[in-house]
Each structure stands twice: as C-alpha cells, then as structure tokens.
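Report on one structure; see the data block that follows.
Here is how names work: the chains are called A, B, and so on, in the same order as the sequence lines, proteins then strands, and each is numbered from 1.
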Amino acid sequence: MTVRVRFAPSPTGHLHVGGARTAIFNWLYAKHHRGTFIIRVEDTDQARSTRESETMVLDDLRWLGLQWDEGPDAGGPHAPYRQSERNYIDVAKELIERDIAYRCYCSEEELELKRKAAEAEGRPPHYDLKCWLHRRDDHTPHAIRFHVPNDGDVTINDLIRGEVTWKKDSLGDFIIFRTDGLPTYNFSVVVDDHHMEITHVIRAEEHLTNTHRQVLVYRAMQWPVPEFAHVSLILGQDRTKLSKRHGATSVSAYADEGYLPDAMVNYLALLGWSAPDGRDVFDRAYAIENFSLQRVNSAPAVFDPQKFEWLNGQYIHAMSAAELRPMVARFFDVPWLEEGIDVVKTSVHRLTEFREALRFVTDYSAPEVDRAFAEAVAAELKNGVDDVKAFNERLKNATGLKGKALFQPLRMILTGMDHGPELVRAIPLLQHASEVDPSVLSPLARAERCIR
RNA sequence: GGCGCAUUCGUCUAGGGGUCCAGGACGCCGCCCUCUCACGGCGGUAACACGGGUUCAAAUCCCGUAUGCGCUACCA
C-alpha cells in the first residue's frame with residue numbers, strides 16, 4: 001500500500017514553526033516511503049479563515065521547499081482540497097438514519113447552564129442526552145450529535161506514543177454538525193481523510209485526545225482507520241507553548257530575518273527527530289533517506305534560537321558567494337556584493353547581517369586618524385600592495401603599531417580614500433596572488449572586516 | 001474536577017536491562033591558530049524529577065507522587 005499523508009493547516013495567518021515542523025515530518029515521511037504528500041486547507045471555521053491567509057501559508061510552505069503532490073494549485077484525483085468545498089451532510093444524514101447520530105435542538109445557553117451546574121456538582125460536563133432520549137426530526141434550527149454508548153473503550157496504536165486507551169464513558173455525545181450547517185473538526189477530518197485515502201495521520205499532540213472521537217466515527221462508517229502519529233508541541237524558553245510572546249514564531253518572520261529554508265528545515269527536523277548517526281547538520285536528501293517516526297521524540301521540545309542561528313551560519317559558511325549572492329540581494333545589494341560576501345561570510349550567521357558586515361565599505365564615517373599615520377599609509381601605498389604581508393610588515397615597522405591599533409585606523413584610511421569597493425574586489429585577486437594560504441593574504445582582507 | 005500525554009546536562013538529544021561513575025550538538029569557560037574580529041582545531045563545565053517495586057543487574061520494565069502540557073467547545 002502506498003503511503004498517503006497530509007498536512008492540514010487552518011488558514012488563519014502565517015505558518016508558524018509548530019505547523020512547519022508538522023508539515024516537515026509529514027513531508028519527510030511521504031518522501032521516505034515514496035508516497036504522496038497532500039495539502040488540505042481546513043477552512044470550515046469561517047470566522048477565522050481567509051483566502052489571504054491561505055495564500056500566505058501556501059507561500060510559506062513553498063519557501064520551505066515542501067512541495068506537495070496533491071492540494072491547492074497542484075490538483076490531484078482527490079479534490080477538493082478545501083473543506084469548504086466538500087459535502088459532509090450526506091454522511092451525517094446516513095448516521096442519523098442508522099440511529100448513531102441525532103438532531104439536537106438544545107440552545108447554547110441551555111447547554112452552558114447545564115455544563116456549569118454539572119461542574120459545580122462535580123459531575124463530568126457531558127451532554128445530558130435530552131435530544132437523544134426524545135428524538136425528533138423537524139426543521140427548527142438544530143445541530144447534529146454523535147451518540148457514544150457507555151460501553152468498552154477505544155485504543156489506538158500511536159506510531160510515536162504507543163498504545164493509548166480511553167474509556168468510552170469518559171466522553172459525552174459530541175457535535176458533528178453545527179447549527180450553522182457546517183461540520184465540526186472531529187467530523188470533517190474523518191470524512192476528508194477517508195475520501196483522500198490518507199494512510200497516516202501525522203499531526204500535533206493537541207489532537208491526541210480528540211482521536212478517540214474520530215475513531216468512533218470511522219467505526220460507525222465502517223471505514224478503515226488510518227495510522228496515527230502525534231508529534232509533541234514546540235515550547236518557548238519559558239516552557240509554555242511557543243507563541244508570539246516569544247518573538248518571531250512565523251516562518252515568514254524567520255525568512256525576513258535572514259534564515260535559509262534549508263537551515264530551517266534542518267533545525268525544525270532536529271526538534272523531536274534525531275539522525276541515526278547523531279549528526280546535526282544534514283541536507284534534505286539525508287533527512288528523507290533516514291527519517292522514521294520511531295526516532296521521533298514524544299516529549300515536548302524547547303525552541304532554541306541560538307542553536308538555530310548557529311545552524312544557519314553553518315549553511316552560510318558552506319555556501320559559495322555565488323550561491324549566496326541572490327539570497328543576500330533580497331536584503332542588501334551593491335555591484336560588488338559577491339566579492340564582499342566572499343570576504344565576510346564566515347563572520348555572518350544570518351543573511352541580514354551581510355549589510356552590517358559590509359558596512360565598513362558602504363558607509364564608513366571618516367574618523368579622526370593620526371596625520372602621521374595617514375602619511376605613513378599613503379607612503380606605503382605608493383609601493384603597492386602586491387605583497388600584503390610585506391606591506392603590513394613595513395607599515396607596522398613604520399608606525400610602531402600592531403594588531404587592532406594598526407588595522408582599525410588602516411581600514412578607515414583605506415575606505416576613507418574611497419578605495420573601499422576596489423579593495424574588496426581586489427581581495428580575491430590578492431588571495432590568488434599570494435598562493436592560496438589565507439593566513440598570508442588575510443591580514444588586509446581581515447583588516448577590512450574589522451568593524452568595531 | 002475528569003481523561004490523556006510527557007519528565008536524561010541551561011537547551012536539542014543518544015540511550016529501548018548489563019558495553020553508561022551516561023555519549024553527541026548548541027551555549028558557556030579555557031587553550032591553540034592569528035599582527036584585531038570571526039572561522040577552524042583541542043579541552044573543560046553540566047543531566048537520568050522524586051519514592052517504591054520487579055531483577056543477579058534499571059536511565060532503560062511496573063506502580064505511585066510531583067511538576068508541565070493538552071483535551072474535556074455548536075475552535076481547529
């Protein structure tokens with residue numbers, strides 16, 4: 001049987017890192033098994049869902065490079081891929097006819113009162129079965145409930161958590177269709193997953209205790225129950241669920257801060273999953289090849305911005321200036337960008353930092369530099385800088401300065417003489433001329449790097 | 001309240017009865033490289049929540065406690 005998995009975002013804003021990780025796990029699982037990765041938009045909550053949000057989420061997914069095989073804009077044999085476009089009422093009607101579901105005419109106010117009374121008396125706040133005991137069928141506004149008999153229990157074998165069991169009497173009759181004519185999540189998700197022939201439901205832990213309701217629907221319809229895998233939550237550094245209070249949490253925010261999609265996929269995959277050989281830095285091909293749900297941790301994970309930034313730096317350092325240039329250009333662009341990137345990239349962890357790292361060239365402010373020093377530099381410059389090491393050596397002897405004291409003012413003078421961009425351009429040539437060894441050339445290059 | 005899930009260095013984790021006085025990574029500290037800052041290399045710091053069992057042997061299995069989180073909605 002071929003694996004079919006789906007990521008089902010609610011279009012209520014940008015994709016957040018938690019959702020992104022769930023999407024990544026689904027995608028990795030599908031790719032590993034050469035299966036199908038599907039996107040389905042859960043937009044039955046019309047109050048919160050918008051088409052603009054859907055576009056944003058889809059764009060975020062594309063930015064991450066998680067290409068879907070079926071879904072919005074991709075088509076596929078199991079359309080529609082938006083819940084708002086699917087018909088659910090026929091299934092509900094079938095359940096009513098078979099006396100498994102029933103119409104409920106209770107008002108929300110009435111239910112609210114009963115719930116509070118039950119809680120006050122220490123009883124479970126379950127529905128009191130009023131409309132089940134007095135079933136009727138008329139056109140006054142009503143919701144549809146699923147009847148749960150108080151017998152036996154429901155067990156699933158979660159691929160991440162193992163066996164999880166609930167007693168049926170721990171849950172009351174639940175709504176599958178609202179009065180406004182729209183299906184609830186616990187119902188629509190089952191109908192969708194069944195019609196799309198989803199084989200593995202990989203989703204966040206917050207859905208774990210809804211699963212027993214869904215299994216009941218599968219059983220009632222005599223539909224095959226898919227495999228489940230519930231991934232733990234991502235926490236902020238205060239160990240509460242990651243939210244806006246913790247700073248950037250949306251994928252697009254990280255994109256704006258200069259993080260690379262590959263680094264993000266890598267980091268998020270590491271939050272809960274670990275490579276069999278323990279490596280932290282890996283590309284997509286490696287992750288796909290080695291991914292398995294058995295290696296997904298069931299405990300919640302704290303998002304660590306420092307490690308993410310370090311990892312992003314690893315990607316930047318490993319990339320060539322030519323590869324980096326178009327990505328950096330989104331934030332900052334000059335004609336000599338590629339040469340500049342080449343000079344400073346090892347000191348950068350995020351794409352947005354290139355601007356600051358190259359500031360010494362673009363907008364230095366003329367400092368007070370000792371006149372004698374400036375003249376010494378000018379004199380040495382006349383001799384040329386073909387041998388950087390010798391140049392530095394002569395200058396050091398001439399001024400009696402070294403280290404920071406030497407290079408800071410030197411850099412200022414060089415850029416102050418408007419040689420900045422030319423110097424940056426010259427650096428790769430100098431490097432070449434000085435026969436590879438960076439330690440030989442670098443003094444000048446690195447002097448230019450010195451910002452503070 | 002009820003039900004469910006979780007608990008290894010500050011953080012991400014390895015570990016699925018003996019090979020663990022617990023390994024790796026980030027961070028932090030130190031050293032090396034270096035005429036500055038980085039990069040890189042080397043080394044160090046630091047953890048099995050607690051209490052009972054089971055067993056010759058438990059981080060690993062079972063029970064309980066504590067703590068955290070989730071669900072218990074006509075949200076998803």
Side-chain angles (χ1 to χ4, degrees), chain A residues 8-10 12 42-45 47-49 83 104 106-108 111-112 115 118-120 122-126 142-145 158 160-161 164-167 169-172 174-186 188-189 203-213 230 232-233 235 237 239-241 267 270-281 294-295 297-311 313 317 344-349 357 389 392-393 395-396 401-408 410-411 438-439 442-443 446-447 449-452:
Chain A
S10 305
T12 56
E42 310 235 318
D43 60 349
T44 57
D45 182 3
R48 295 195 302 158
S49 304
Q83 290 189 320
C104 179
C106 298
S107 72
E108 289 190 62
L111 294 169
E112 181 66 21
R115 195 177 308 121
E119 274 174 31
R123 287 182 287 114
H126 293 160
H142 61 271
I144 301 175
R145 274 184 195 274
D158 192 280
I160 292 174
R161 277 146 221 285
V164 183
T165 301
W166 299 267
K167 295 204 181 321
D169 60 17
S170 70
L171 67 172
F174 56 93
I175 305 269
I176 59 175
F177 248 89
R178 307 185 211 139
T179 308
D180 65 8
L182 291 169
T184 59
Y185 171 75
N186 282 316
S188 59
V189 74
R203 75 221 317 185
E205 184 187 344
E206 62 203 71
H207 295 290
L208 179 60
T209 43
N210 276 323
T211 306
H212 54 343
R213 281 173 245 274
H230 289 91
S232 64
L233 265 21
L235 274 24
Q237 278 173 316
R239 302 211 134 260
T240 64
K241 186 175 171 177
Y267 181 69
L270 229 34
L271 236 40
W273 179 75
S274 59
D277 63 4
R279 70 177 74 176
D280 300 276
V281 186
Q294 281 148 29
R295 292 194 66 84
N297 201 136
S298 53
V302 174
F303 187 89
D304 181 3
Q306 278 187 312
K307 184 155 183 176
F308 184 23
E309 186 164 316
W310 168 81
L311 190 60
H317 302 165
V344 301
K345 74 173 187 184
T346 57
S347 67
V348 163
H349 292 91
K389 188 134 189 164
N392 290 330
E393 200 56 39
L395 191 59
K396 193 163 74 169
L401 298 172
K402 63 175 184 174
K404 208 171 203 167
L406 171 67
F407 288 106
Q408 289 268 20
L410 173 60
R411 184 257 298 167
S439 68
S442 308
R446 289 191 303 188
R449 236 177 255 174
C450 194
I451 292 154
R452 282 158 218 97

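In this structure, A/T44 reaches the B/rA76 phosphate: one of its side-chain N or O atoms is under 4.0 Å from OP1 or OP2. Applying the 4.0 Å criterion to OP1 and OP2 of B/rA73, one finds that A/R178 has every side-chain N and O outside that range. Contact annotation: A/S274 side-chain N/O to B/rA14 OP1/OP2 distance is under 4.0 Å. Side-chain N/O atoms of A/R295 include one lying less than 4.0 angstrom from OP1 or OP2 on B/rG15. Checking the phosphate oxygens (OP1, OP2) of B/rC74, a side-chain nitrogen or oxygen of A/R115 falls inside 4.0 Å.
Taking atom C1' on both nucleotides, B/rA47 is separated from B/rU13 by 12 Å, rounded to a whole Å. With P as the reference atom, B/rG23 and B/rG16 are 15 Å apart, rounded to whole Å. Taking atom P on both B/rG64 and B/rG2, the two are 14 Å apart, rounded to the nearest angstrom. Between B/rU7 and B/rC62, the two P atoms lie 12 Å apart (nearest whole Å). Distance check on atom C1': B/rU34 versus B/rC12 gives 32 Å, rounded to whole Å. Straight-line distance between the C1' atoms of B/rC21 and B/rA59: roughly 13 Å, to the nearest whole Å. Taking atom P in both B/rU60 and B/rC48, the straight-line distance is 12 Å, to the nearest Å. Across B/rA57 and B/rG18, the matching C1' atoms stand 6 Å from one another, rounded to whole Å.
Looking at the side chain of A/I175, the nearest of the listed nucleotides B/rA76, B/rC74, B/rC39 is B/rC74.
Classification of the A/F308-A/Y267 ring pair by plane angle, with boundaries at 30° and 60°, yields parallel.
Across all strands shown, B/rU36 has no partner, as no Watson-Crick or G-U wobble contact with both distances under 3.5 Å is found. In this entry B/rG10 has B/rC26 as its Watson-Crick or G-U wobble partner, both defining distances falling under 3.5 Å. Figure legend. B/rC61 is base-paired to B/rG53; pairs are counted as Watson-Crick or G-U wobble with both atom distances under 3.5 Å. Look at B/rC31: its Watson-Crick or wobble partner, with both distances under 3.5 angstrom, is B/rG41. Remark: B/rC20 base-pairs with no nucleotide in the shown strands. Criterion, Watson-Crick or G-U wobble with two distances under 3.5 Å. Pair check for B/rC69 finds B/rG4; Watson-Crick or G-U wobble, both atom distances under 3.5 Å.
Applying the ring pair (Phe, Tyr, Trp, His ring centres under 6.0 Å) criterion to A/H126, with sequence neighbours excluded, gives no partner residue. For A/R295, the salt bridge (charged side-chain N to carboxylate O under 4.0 Å, His left out) test picks out no residue, with sequence neighbours left out. Taking A/R213 as the reference, nothing meets the salt bridge (charged side-chain N to carboxylate O under 4.0 Å, His left out) condition, with sequence neighbours excluded. Scanning for salt bridge (charged side-chain N to carboxylate O under 4.0 Å, His left out) contacts around A/D158 gives an empty result, with sequence neighbours left out. Residues meeting the salt bridge (charged side-chain N to carboxylate O under 4.0 Å, His left out) test with A/R161, sequence neighbours left out: A/E205. Residues passing the side-chain contact (heavy atoms from CB on, under 4.5 Å) test with A/R123 are A/A118, A/E121, sequence neighbours excluded. Applying the ring pair (Phe, Tyr, Trp, His ring centres under 6.0 Å) rule to A/W273 yields the partners A/F282, A/F291; only residues at least two apart in sequence or on another chain are considered.
Distance check, rounded to the nearest 0.5 Å: CZ of A/R115 to CD of A/E108 gives 8.5 Å.
Residue contacts for A/C104: at a heavy-atom cut-off of 4.0 Å it reaches no nucleic acid atom on any strand shown. Note on A/G313: nothing from the nucleic acid sits closer than 4.0 angstrom, heavy atoms only. Residue contacts for A/L111: at a heavy-atom cut-off of 4.0 Å it reaches a base atom on one of the strands shown. Residue A/T179 is classed as a base contact, given a heavy-atom separation below 4.0 Å to a base. A/S49 comes within 4.0 angstrom of nothing in the nucleic acid, heavy atoms only.
Distance, A/H126 NE2 to B/rA73 P: 7 Å, rounded to whole Å. One can place NE2 of A/H230 at 11 Å from C1' of B/rG4, the figure rounded to the nearest angstrom. Rounded to an integer number of Å, the gap from CD of A/E309 to C1' of B/rA38 is 14 Å. Taking atom NZ on A/K167 and atom C1' on B/rU72, their separation rounds to 17 Å, with Å as the unit. A straight line from CD of A/E119 to C1' of B/rU72 spans 9 Å, rounded to a whole angstrom. At whole-Å resolution of the value, CG in A/D158 and P in B/rA6 are 9 Å apart. The interatomic distance linking A/L271 (CG) with B/rU11 (C1') rounds to 10 Å, in whole Å. The interatomic distance linking A/I160 (CD1) with B/rG16 (C1') rounds to 16 Å, in whole Å.
Of all non-hydrogen atoms in A/R48 and A/T12, the two that sit nearest each other are O-CG2, 3.4 Å.
Between the A/T44 side chain and the A/Q83 main chain, no donor and acceptor come within less than 3.5 Å of each other.
On a pure distance criterion of 3.5 Å, no polar donor-acceptor pair joins the side chain of A/S347 and the base of B/rC39.
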Filtered N/O pairs between nucleotides 67-71 of chain B and protein, under 3.5 Å:
unit_1: B/rG70; atom_1: O2'; unit_2: A/E206; atom_2: O; d: 3.4
unit_1: B/rC71; atom_1: O4'; unit_2: A/T209; atom_2: OG1; d: 3.0
unit_1: B/rC71; atom_1: O2'; unit_2: A/T209; atom_2: OG1; d: 3.3

Any protein N or O atoms within reach of nucleotides 25-27 of chain B? Criterion: under 3.5 Å, listing atom names and distances.
unit_1: B/rA25; atom_1: O4'; unit_2: A/D280; atom_2: OD2; d: 3.1
unit_1: B/rA25; atom_1: O2'; unit_2: A/K307; atom_2: NZ; d: 3.2
unit_1: B/rA25; atom_1: N3; unit_2: A/K307; atom_2: NZ; d: 3.3
unit_1: B/rC26; atom_1: O2'; unit_2: A/K307; atom_2: N; d: 3.4

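When the nearest nucleotides of RNA chain B are assigned to A/Y185 and A/T165 by heavy-atom distance, the more 5′-ward of the two goes with A/T165. Summary of the strand contacts: A/W273 and A/R48 both lie near RNA chain B, and taking for each the nucleotide with the nearest heavy atom, the more 5' one is attributed to A/W273.
Contact annotation: the side chain of A/D304 approaches that of A/Q237 to within less than 4.5 Å [non-hydrogen atoms, C-beta and beyond].
Side-chain contact of A/H230 with A/T211: a donor-acceptor pair under 3.5 Å is present, judged by distance alone.
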